[in-house]
Amino acid sequence: MSERVKERRSAFSLLPIIMGLAVLAGLTGCPDDPYKADTWTKKLGDSRESERAVTELEQLGDPSAIEKLGETWDKQGKPVRLLQVIISLARPLTPEEAKKNYVTDYEASGRPASWDRALPFLTKALAEVDEANPRSVDSATKAADALGEAKLADGLDVLIEFAQKPLTKKLIAAQVAAVRAIGKYTEESSKAAGALTKVIDKEPPPHPKTAKDRETGRALEEKYGLFLSISGAAINALGDLHVASSAKTLVLSIFRTPELFMQVRRALVASGPVAAEELRKVLAGTHAEVNQLFKDKHLDKYCGDKNEAPPDQCQSVSAKDFYPAVVLGDFYDAKAVPELLAALKHPPLPVYYSDDQPSPNTQYNAIFDALRKIGSPEGAATVRAMWMGKAAPEAAPRPGKAGKKGGPEPAAAGGESDLATRVLAIGAYPFLTRDDAGLEDLGKIAADNKADDGLRQEAATAFARLSHNGKDISILEALAQKYFDASAKKRAEAGGKAKTAADAADKEFAKAKKLLDDAKANALKVTHDNSKSVEDIKAATAAAKKAEDDFKTAKKIHADAVAPFKAADRQAKDYKGYARGFQTHIARIEIAIRCKQNIGCYTDSLKLTPEQAAKNNVSYIKDIKDWTKDEQFGLVEANVERAMLEIGKRAGKDAKLTDILLDNANSDNRLIRQSILLALPKIAAVPCANCEAKLQAAIKAGEGKTTLGDLNLETTMMKNYFGWAGGKTPSSAPVQKDELPGTAAPKPKK
């Protein structure tokens, strides 16, 4: 049989099967393609298939499904799940993102944004929100976030209208999201900033601390918390917009809601140099709006939490100087130095009172810190005079308890700086001076056994930050030796009769503990022994109770007996710690002697290991071989701090070092990062192309590390500064989580 005949016979034998399939297809229709969006959009209205259809549409990633999903979302009461899928489909994808998410249709070319398709549903979620329906509120929150991401011009008015609705506890999360979204509209920054300003400019509700009773206090706390949430979000959003015109509003908000000061601080620095000018006016007393606010609200006085104290019992506060000084330090601009120095003529006062108690700091803390950060030599002479006690501000009242009849006690006359002021001035001085003036006096204060310990320690640190002479090391060695001698004396006390008594007491205490344990074990055993009588159980329980009473007595006797040893032992350790502190200061002088004017040598300190630092100091620190790894690392910290101080004083001469400092600004070590941050703005050429990005990376590296909260805040301030310094256009880096206020009503600070 030929091959042709075989092929024909095979074809005729399959004909019935082929015809049968054709008939079946004609009866049932062609099956839907599961890889097409319209296959699943048809099933959105089917209660049995709806959930799967939504999931399949999300996985397919085809924006053509948005309209049908939106219609279903509206019909089903606006469930947030459907709106999330709509937002996901509207979001653009790069080819890499499409591949990562298995959106195969767009792996080659990527997926363009389809926000215009989603816009009707996003705006409807906001315009028709039902605050009694949690699903509707959740949808509104998601919609607001999406509009901020999309930055669609047609969405801004809806966001503004929504953000300005009356505040309610049920709606606050969505309103905060709307305010946050407004801050993303950088292309329409003027309009967005105007809307945010209206939110911030609203008069705060009464503060909870003014409540007459507990019930009223709870009601006020909720209202005040909602106000702080929306205002805090608006302040952060203004900071994102970088609008100079917002500076005045932000400055006023410092004093209206000091609870939000950290957020205002970030936003002010992000607003640029106009904000610094506003703050300088406040410090100089020439800011008309702030002056009027203080006059109307009596913000320069504390008359009790309920504001009921008579005028003669009210206490003066320094908020008007404190807050501007803090923020001016973040601008690193020497133009502010005259106003800062002038503010030092005002008496040091608490920043605020809480429950009639003064704040731990005065405005001087902020002023000296700002001078330290700016680092201008213009303030050196005034600051030196203050720590030397030769020039002082006007006589200052001693902060006292508010409401006390007769008011605060007057300060002693004599024109000398108080101790706290001298300590603060000494701490700032090394960052200002450019010569050795006052160095010898600092050494004398550090060596004065009659001087206050805090003053001596600050003087020793300042001395080590300034000295570059090997002869000065002997002063620190002598100070260290005094504490070593004191430590040895206490160690001898701890090792003599006190140790013998403590050892004997430990033995007696151990016996008493064993008796108690045995009595408890016996009572437990007897209680669970069925052969024992009630009398046996009572006797065992009584014995355990007596042993417990005896143990309490033994515990008291033991504590009294070991107290002398413990006290001497603790003091011996403390004195040794003080001695190590003075020895560590030697490393600050050592690097100045070793590096002299070699800037590369100072930069190399950032690569030092503890072993290398110890080796560098072996000729100055006699017992360096006995130091632990942690103690050796203290030498590294001291070297880096002094190195960054020297680099910072060469302002404008070493811009090439900017990248090296930026690359090390992610250090988790507090002293090292602070030292780098102090030097960086002094040497970096502005505008700095990569400063924002590298500082943002440092902030990212510190996220979630609670011990780095303050460091990340300072790093954020510097990132905001470099955003506009030198005329640079700020980037749109994302706001960090810790910059955003919670949507729940926070507990207001007093």
Side-chain angles (χ1 to χ4, degrees), residues 426-427 429-431 433-447 456-484 576-650 654 657 660-661 664 667 669-676 678-679:
I426 287 176
Y429 182 65
F431 299 89
T433 186
R434 298 296 188 269
D435 55 38
D436 292 343
L439 181 62
E440 184 179 349
D441 297 284
L442 289 169
K444 289 178 180 178
I445 294 173
R456 291 182 67 193
Q457 290 180 33
E458 198 65 60
T461 304
F463 179 76
R465 285 170 173 164
L466 292 174
S467 174
H468 44 82
N469 192 326
K471 294 180 180 179
D472 291 336
I473 290 177
S474 61
I475 294 176
L476 296 173
E477 287 177 321
L479 286 168
Q481 191 58 50
K482 287 181 180 179
Y483 281 103
F484 276 130
K576 182 181 178 182
Y578 287 134
R580 281 284 188 263
F582 286 116
Q583 288 180 306
T584 301
H585 285 326
I586 291 173
R588 291 179 166 87
I589 302 177
E590 176 275 323
I591 192 172
I593 296 171
R594 174 164 48 88
C595 292
K596 297 181 175 61
Q597 297 301 314
N598 184 346
I599 203 67
C601 177
Y602 287 118
T603 308
D604 286 343
S605 67
L606 294 168
K607 298 181 290 186
L608 269 179
T609 65
E611 294 81 6
Q612 289 170 332
K615 185 177 180 181
N616 289 337
N617 285 274
V618 71
S619 60
Y620 300 113
I621 301 175
K622 298 174 183 177
D623 65 343
I624 195 72
K625 64 181 184 300
D626 300 326
W627 283 42
T628 66
K629 222 29 170 317
D630 286 343
E631 289 173 335
Q632 290 177 351
F633 189 76
L635 299 175
V636 175
E637 292 176 318
N639 271 181
V640 171
E641 189 205 47
R642 178 63 186 270
M644 295 302 106
L645 180 57
E646 293 299 324
I647 289 173
K649 288 183 177 181
R650 295 167 59 90
D654 296 294
L657 302 179
I660 298 175
L661 267 61
N664 286 275
S667 173
N669 182 276
R670 178 175 301 277
L671 184 57
I672 289 176
R673 194 195 290 196
Q674 284 177 336
S675 300
I676 292 171
L678 280 173

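Reckoned from all heavy atoms, side chains included, excluding hydrogens, waters and symmetry mates.
Checked by atom type, the side-chain pair N617/Q583 shows no donor-acceptor distance below 3.5 Å. Using modelled atom types, one finds a donor on one side chain and an acceptor on the other under 3.5 Å when comparing N669 with E637. Checked by atom type, the side-chain pair D435/T433 shows a donor-acceptor distance below 3.5 Å.
Of all heavy-atom pairs between A447 and L479, the closest is CA-CD2, 3.7 Å. Residues F484 and K576 approach most closely at CE2-CG, 4.1 Å, considering heavy atoms. A613 and L608 get closest at one heavy-atom pair: N-CD2, 4.2 Å. For the residue pair L476 and A464, the shortest heavy atom distance occurs at CD1-CB, 4.3 Å. Residues L661 and I676 come closest through the heavy atom pair O-CG2, 3.4 Å. The nearest pair of heavy atoms linking N469 to K471 is OD1-N, 2.9 Å.
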Practice item. For side chain to side chain contact (heavy atoms under 4.5 Å, CB included), just list the numbers for Y429 and L466, CA-CA rounded to whole Å, side-chain angles, deciding distance to a tenth of an Å, and then say yes or no. Key: CA-CA 9 Å; Y429 182 65; L466 292 174; 3.9 Å; yes

Review point. What do the steps show when you test M644 against L678 for side chain to side chain contact (heavy atoms under 4.5 Å, CB included), and what is the final call?
Key: CA-CA 8 Å; M644 295 302 106; L678 280 173; over 6 Å; no

Review point. Do T609 and F633 pass the side chain to side chain contact (heavy atoms under 4.5 Å, CB included) test, and can you show the C-alpha distance, the side-chain angles, and the key distance before you say yes or no?
Key: CA-CA 8 Å; T609 65; F633 189 76; over 6 Å; no

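Taking 4.5 Å as the limit, every side-chain heavy atom of R642 sits out of range of all side-chain heavy atoms of H585. Considering only heavy atoms from C-beta on, I593 comes within 4.5 Å of I473 through its side chain. I589 has its side chain out of reach of H468: every pair of non-hydrogen atoms, C-beta onward, lies at least 4.5 Å apart. Counting heavy atoms from C-beta outward, E646 and C595 have side chains that stay 4.5 Å or more apart.
Distance CG/N616 to CG/N639: 6.5 Å, rounded to 0.5 Å. Atoms CZ and CD1, on R588 and I586 in that order, are 11.5 Å from each other to the nearest 0.5 Å. Here the CG-CG distance, from D472 to L439, works out to 5.5 Å after rounding to the nearest 0.5 Å. Atom-to-atom distance recorded for T628:OG1 and R580:CZ is 7.5 Å, nearest 0.5 angstrom. Between the CG atom of L606 and the CD1 atom of I647 there is a distance of 7.0 Å, given to the nearest 0.5 Å. Atoms CD1 and OG1, on I621 and T584 in that order, are 6.5 Å from each other to the nearest 0.5 Å.
The aromatic rings of Y483 and F582 lie parallel to each other, their planes meeting at an angle below 30°, with 60° marking the opposite boundary.
Under a 3.5 Å cut-off, the side chain of S467 and the backbone N or O of F463 do not form any donor-acceptor pair.
Within 6.0 Å of the NZ atom in K649, the count of heavy atoms belonging to other residues, nucleotides or ligands exceeds 12.
Qualifying salt bridge (charged side-chain N to carboxylate O under 4.0 Å, His left out) partners for R465, counting only residues two or more places apart in sequence or in other chains: E641. Shown here are the side-chain contact (heavy atoms from CB on, under 4.5 Å) partners of A643, two or more places apart in sequence or in another chain: I591, Y602, S605.
Sorted by first then second residue, the salt bridge (charged side-chain N to carboxylate O under 4.0 Å, His left out) pairs that include residues 599-618, not counting sequence neighbours, are D604-K607, E611-K629.
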